[in-house]
Engineer: 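Okay, handing you the structure first.
Labels below follow one simple rule: chain letters A, B, ... track the order of the sequence lines, proteins then strands, and each chain is numbered from 1. Scope of the values below: all heavy atoms of this structure, side chains included, with no hydrogens, waters or symmetry mates.
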Amino acid sequence: MTSSPAPAERAADLRRRIEDANRRYHELDAPSITDAEYDALVRELEALEAAHPELAAPDSPTRRVGAAPSARFAPVVHAVPMLSLGNAFSDEEVADFVRRIAEQLDRPELVFSAEPKLDGLAISLRYEDGAFVRGATRGDGATGEDVTANLRTIADIPQRLAGRGWPPVLEVRGEVYMARAAFERWNEQARLHGGKVLANPRNGAAGSLRQLDPQVTASRPLSFYAYGVGQVEGGSLPDTHSGTLAKLREWGFPVSDLVQVVRGTDGLLGYYRGIGEARDGLPFDIDGVVYKLDDYAGQREMGFVARAPRWAIAHKFPAQEQSTTVEAIEIQIGRTGAATPVARLKPVHVAGVVVTNATLHNADHVARLDVRVGDTVIVRRAGDVIPEVVQVVPEHRPDGTQPWTMPSHCPVCGSELVREEGAAVWRCSGEAACPAQLKETINHFASRRAMDIDGLGDKYVETLVDAGIIRGIADLYGLGRDQLLYLKLVLDAESPEALAGAVQPHLQPGEGSGAALAALLALDGGDEGWRTRALGLPIAFAWNPKKIATRWAENLVAAIEHSRDTTLARFLYALGIQHVGESTAKALAQWFGDLQLVRRLPWPLFKRVPDIGGEVARAIGHFLDQPANQEVIDRLLERGVRIGDAHPPSPKLREGLDLATLLVDLEIPKVTAVRAAQLAAAFADAQALLDAPVHALVTAGLPAESANALVAWLEQEANAALLLRSAQAQAELLALVPHQAGQGAGPLEGKTVVLTGTLAAMSRDEAKEKLEALGAKVAGSVSKKTSFVVAGEAAGSKLAKAGELGIEVWDEARLQAFLAEHA
DNA sequence: ATGCCTCGAGTTCA
DNA sequence: CTCGAGGCAT
């Protein structure tokens, strides 16, 4: 039973939490809750106090702006208090704000100055006779801290006012912030050379200003924007806010270019949307925009409420960060068996979507963050889309939690989880026997870039595997329409158990899904019966289930049929061999040309392909050495998978089909390229080497150490067999490799191209194919090796990087022209 | 050995 | 998209 607590209790609770947050925020620079949550608490308290005036204590946090300053810096009493702003989160609230002012001032149209609200630290700068004499933080609004020495290190802040006409006493208010790029650069350096890694630009700015040693502040990349004035004496200012900003600019202060004068609610909201769209591209973080009534006369007339002016308001963006609690930490098993911890979160809105999951990457990451079940964590959706856990809020940790540890066994199949030496990931040792891995293997096999079986989604794979209909990828090609139909009907039922239960009595023990389908269709007789079987069936389903499901099943059968025709590269990729992605699969296909050849090659020969080294070669060999995998390939071929692009091996293979190269590729301890060459010169072939007595090796010129290592290596039967097998495979290859060099090079031979942004006329994949057809290599990231970058609409960081490195950039038109010319 | 440069693998949500 | 790690050039 939960009932809302009495208002008095709730108010006390809110006050306690707000005070606590204030203290952490201001004194420790370590926020315990996000700004959004803080705002929510304050608003709730305000509402409560408004509804129950008897609860409005004079010392309520709603009457004050922040916590008392810490003792480290001298206090500075602000001659004009630095107030905070009321917040608006919706268009509605902005309209209310405008209406209030319009009514009170009795004006038909209002003019506002609108500006971005930087996520930094508010400060006040005092100038006397044009000289910067003191700077202070906001503190609690009435009293701040003297951070003059630190502020003097910021280049944006003038030591003397420029221009003329400034008042003899002038306090300038503004925001100290850290630009994103500067923040990133700082952290990069800090990580590299040791130094304080900053949590985010805002904390970076705040922390930097509160250094006792100004040298430290000087080293931090801080910036400043002016947005207003405090005390002004002995002179005068323009009579509008925008006019004052223009003056401040003249006097040497940076003022944001984004400040605009706008009219009425529509003007404000238009400005808000414009800044919102530009937000990600801005060089600094902002958490909203601020609207100020532009003319001072109007401001004076509106006056203040307890903690904020009534002539200004902050219109906040939806929060990018939110806190929530970790309900569980579960393990997901990937295709390769990688065990990834995932935080199951209490659903929370972050930047427009509801987040319920966030990856924790691996055990080390969990340990670094010390995330525990029950913890309150701060979740962020960074520049991209993927939510991440930023940090734990330790003060909200419930009692009795334990540090999280990786389970010892796979939660899906119960096999042991193992970790390779030095690796970060734990893997399930169950391999194909693990249903999770099998499902992912099948998903991968069917994926668009692999065999491209359209219509076989995760859900269906899940059910097919769970039902035991599919035990391996080859089973996909044995699927019949009726099996799929049954599957679909069960899946679509609201209560599959009920449906299965209804079918069960009609089945003989051991009967398969075909019989199940027949039983199902026979229930209640024909299509009409479905309607009466409301039990477990959704309404849409009661309408014409059989027809819809049948069409789905037939489409899927057709898609499977369609996927039978494929290429070697796709097929190799689809097999899901560790370390063999698209690019490696393509290389294998290009160099060897034929599946039957590839599948019997011993691992050292894969190293002949550029970009394939020992690790990847061994992974391919390991896959092929397993009889079960060879059987899968056989079955796929038997069941009609056709590889359409078989061709002879690349002539480029010819170099290196000799004993010396083989000996190097075998990675025999102490046998370097030099030793391998000596051995190859001394022995006619691998068999001769194998038969050689130890002294013959020494005679060949090998130092004793190498000779002994080689003998020891050859004594292992498996090694000797591998040597012979490899030599034999080399001989075979030699016979297959055509003599003359291949066809003429394409116009883009040897060029590396990077695609970025959205192309209008074709997809990125199409562009990639076309470029590759002309001999280009299409890479994913820009480096100095990149020949040129093709930039479509909304190109981002890759285009920027190209600019940095001075790399040629093509627009889409140029690409089109080039493709047309060389088609 | 060291430091790029790529590739592979994993992930979220509408 | 980002991170980790494999491959390769220096």
Engineer: Using a 4.0 Å cut-off on heavy atoms, which residues in residues 337-347 of chain A reach DNA chain B? List them by number, or say none.
Structural biologist: A:Ala338, A:Thr340, A:Val342

Engineer: By nearest nucleotide on DNA chain B, pick out whichever of A:Tyr573 and A:Thr752 is the more 5' one.
Structural biologist: A:Thr752

Engineer: Can you tell me which nucleotide in B:dC7, B:dT12, B:dG10 comes closest to the side chain of A:Thr336?
Structural biologist: B:dG10

Engineer: Check A:Lys586 with A:Asp611, please: is the shortest side-chain N to carboxylate O separation under 4.0 Å?
Structural biologist: no

Engineer: Could you identify which residues of residues 356-368 of chain A place a heavy atom less than 4.0 Å from some atom of DNA chain B, listed by residue number, or say none?
Structural biologist: A:Thr356, A:Asn357, A:Thr359

Engineer: Within the pair A:Gln332 and B:dG10, is there a side-chain N or O less than 4.0 Å away from OP1 or OP2?
Structural biologist: no

Engineer: In terms of side-chain heavy atoms of A:Lys784, which of B:dC4, C:dG6, B:dT11 is nearest?
Structural biologist: B:dC4

Engineer: Do A:Glu327 and A:Lys346 sit within salt-bridge range, that is, some charged N less than 4.0 Å from a carboxylate O?
Structural biologist: no

Engineer: Rounding to a whole Å, what distance do you find between A:Ile620:CD1 and B:dG8:C1'?
Structural biologist: 13 Å

Engineer: Under the criterion side chain to side chain contact (heavy atoms under 4.5 Å, CB included), which of A:Thr324, A:Val377, A:Val326, A:Thr359 is the partner of A:Val389?
Structural biologist: A:Val377

Engineer: Mind checking A:Val425 for me? I need base, sugar-phosphate or nothing, with any heavy atom below 4.0 Å counting as a touch.
Structural biologist: nothing

Engineer: Which nucleotide in the list B:dC7, B:dT12, B:dA9 gets nearest to the side chain of A:Arg335?
Structural biologist: B:dA9

Engineer: Do A:Asp665 and A:Arg608 meet the salt-bridge criterion of a basic N to acidic O distance under 4.0 Å?
Structural biologist: yes

Engineer: Out of B:dC5, B:dC13, B:dT11, which has the shortest distance to the side chain of A:Lys785?
Structural biologist: B:dC5

Engineer: Closest approach to the side chain of A:Gln578, judged atom by atom: which nucleotide of B:dT12, B:dA9, B:dG8 is it?
Structural biologist: B:dA9

Engineer: Kindly state which residues belonging to residues 605-615 of chain A come within less than 4.0 angstrom of DNA chain C, counting heavy atoms of the residue only, listed by number.
Structural biologist: A:Pro610, A:Asp611, A:Ile612, A:Gly613, A:Gly614, A:Glu615

